[in-house]
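The block underneath contains the structure these notes are about, expressed in structure tokens.
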Amino acid sequence: MIYEETYQYLLRNVSSTEFDTCLYALLHSDWDGVIQSPLHMMARGVGTTEKYLRQIIHKFTAPQGSLKKVFVPVHQGEDVLYKFNLGPASNLGYNRKTDRYCKKYRFFYSAAFKALTIHGKRLLLMGAFRMSVLKSEEVLFDYHEIVPDSRSPFTRQRLLDAVAAIHDALGHIVTISFASRTFSKKEVLVFTFTEGVLEEYKENRAERTLLRRTIFNSGYLGHINDSVCRELERVGKYIFRSFLQEATNLSHDIQKELQKLARFIYSHSLKKFGQALPANKQLLLAPKQASAYLSKIMYNETLEQMIKYAHQAESIKSLLERDHFHRTISEKALRREVNDLEMDEHIEPILRKYHQADFIRHVLNDWCETWLISRVKTVTDEFRAEGKRKSTEDKQVAAEYMARIRNDTYGQLDRLLTLLLQFGNHAVAPDVRNFPLTKKKETLQSYFAIQKERLDVLSISS
């Protein structure tokens, strides 16, 4: 999407080729806003040389006064890619109810559009943005909205030249005419787009390309069709949105950490999914089963990360509670090597790190619980709604399914407990170190016992 922030920037701050570079970036950015294209592909897509594109990137990555950097360098392995830094990242960070945006219409990427002057591009973007917001293929502007004063990029002559150029290059897409309002007699411009243009837009496939590349690099060399990709992406979007929703109105550091964590869990899970595919090729014939398989992998990864953050929080907490840590600071204070303010400044970053780790632990724990409950709930809900039509065999299958979820969960918790005992921070007491896992297992044992009773009762009553 071309969001309001990007729209305003394009109307005021770019050259013609820079305009096309921003549009290319929007079409090829992943969910984190990272442009998934090497330099030579980007130059070809924009329609310029690599040398000139490097100059544009140099401008976009440099501070621009009060404006944001347009591109932010991102290191991915040995490659340096760029994050497009205007507006929400991709299609995950916007609010459907409040955010205004323009779709990436196909004509934006045509040779005819790229050949327009910057004034022609800006004028057509204005019309397209309003068309997208109003969902109408006929929109109008008061003249003063386009030429508000002498400081405007547009003069009347530039406006007339832009209209003429648009008609010459893209007259089959849009016509722009001058008219006047009936009562006020104020001059207006009317954009009339060809019927159907409103729905002729390009979809961003960068994340799908990244998905296929991740699975390919994990060892599966076959093709992943679009129906399977859509289901796998749906699972990925869920974890991104879940994490980011929890971080709303919180510090930028926590939001950034949760976004990085969502990307790590999704990418790492896709690698494991790819490694498992050669022995499970039937998943490619059943998109829903493929997404369920990936979802289970993501649950295990999230659970593992939750334990890591819980352990990190406990380690930081133990540091803050250690007598010698406070004694050392107090002794320095007595010798006037640090004052009270400096003591606070010394401890504050550690406290902040503890609260961040503890908050993220809660987010991951809630996500895992929601995931597990949703899997078990499908079984009990199905029996509650259709119990009388269930056969004895169906009931046995349901019981085995629930037992499998329970045993898999216990097995994962036991594995993590072994790792924690072996590699955890030995400065933390064993009972404290193991508490998150033992407590979670106790809670789950109670939960599964209750669900088994409910399933037994429903089986008897039906």
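All figures in this text were calculated on a predicted structure; none of them were measured in a lab.
- You'll find the side chain of F193 stays beyond 4.5 Å of the side chain of L198, heavy atoms only.
- Other residues, nucleotides and ligands contribute only 12 or fewer heavy atoms inside 6.0 Å of the NZ atom of K260.
- Looking at Q76, its side chain never comes within 3.5 Å of a backbone N or O of L81 through a donor-acceptor pair.
- Put simply, the side chain of S110 gets close to the backbone of F107: a donor and an acceptor are under 3.5 Å apart.
- Note: H355 and F359 fail the aromatic proximity criterion, with ring centroids not under 6.0 Å apart.
- Contact annotation: the side chain of K296 approaches that of D408 to within less than 4.5 Å [non-hydrogen atoms, C-beta and beyond].
- Atom OH of Y9 and atom NZ of K68 lie 12.0 Å apart (nearest 0.5 Å).
- Going from atom CG of N300 over to atom CD1 of I265 covers 11.0 Å, rounded to the nearest 0.5 Å.
- In the model, Q8 has a side-chain atom that pairs as donor or acceptor with a side-chain atom of E4 under 3.5 Å.
- Between R361 and A310, the shortest heavy-atom contact is CD-CB, 3.1 Å.
- Counted by atom type alone, Q259 and D32 present one or more donor-acceptor pairs between their side chains at under 3.5 Å.
- Using the six-membered ring where Trp is involved, F71 and F60 have ring planes that are perpendicular, over 60° apart on the 30 and 60° scheme.
- Side-chain N or O atoms of S295 include none that pairs as donor or acceptor with a backbone N or O of A292 at under 3.5 Å.
- Taking the six-membered ring where the residue is Trp, W31 and Y266 present parallel rings, their angle staying beneath 30° rather than reaching 60°.
- Judged by distance alone, the side chain of N204 and the main-chain N or O of S29 form a donor-acceptor pair under 3.5 Å.
- The aromatic rings of Y293 and F273 sit perpendicular, their planes meeting at an angle over 60°, well past the 30° parallel limit.
- Side-chain atoms of C229 and R212, non-hydrogen and from C-beta on, do get closer than 4.5 Å to each other.
- Atom CD of E199 is surrounded by more than 12 heavy atoms from other residues, nucleotides or ligands within 6.0 Å.
- Side-chain N or O atoms of T49 include one that pairs as donor or acceptor with a backbone N or O of Y52 at under 3.5 Å.
- A donor-acceptor contact shorter than 3.5 Å links the side chain of N280 to the backbone of A276.
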Audit row: L284, H223, side-chain contact (heavy atoms from CB on, under 4.5 Å) steps and yes/no: CA-CA 9 Å; L284 299 180; H223 177 69; over 6 Å; no
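- For the pair Y109 (side chain) and L23 (backbone), a donor-acceptor distance under 3.5 Å is present.
- Side-chain contact between V34 and Y82 is absent, with no heavy-atom pair separated by less than 4.5 Å.
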Pair E233-R230, salt bridge (Lys or Arg N to Asp or Glu O under 4.0 Å): steps then yes or no: CA-CA 5 Å; E233 286 170 355; R230 278 193 293 272; over 6 Å; no
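- In the model, Y24 has a side-chain atom that pairs as donor or acceptor with a side-chain atom of S37 under 3.5 Å.
- Formation of a donor-acceptor pair under 3.5 Å by the T194 side chain with backbone atoms of I173 is found in this model.
- Judged purely by atom type and a 3.5 angstrom limit, S267 has no side-chain atom pairing as donor or acceptor with the backbone of F264.
- The shortest distance between side-chain heavy atoms of M306 and L303 falls below 4.5 Å.
- For the atom pair CD (Q36) and CG (D30), the distance works out to 4.5 Å, reported to the nearest 0.5 Å.
- Take K103 and apply the side-chain hydrogen bond (donor to acceptor under 3.5 Å, both in side chains) test, not counting sequence neighbours, and it matches no residue.
- A heavy-atom distance below 4.5 Å is found between the side chains of L125 and F108.
- Within the 4.5 Å cutoff, no side-chain heavy atoms of H268 are placed close to those of M298.
- Under the 4.5 Å side-chain criterion, counting only non-hydrogen atoms from C-beta, E50 is in contact with R54.
- Side-chain contact, T214 with K271: no donor N or O sits under 3.5 Å from an acceptor N or O.
- Between the side chains of Y309 and E257, at least one donor N or O lies within less than 3.5 Å of an accepting N or O.
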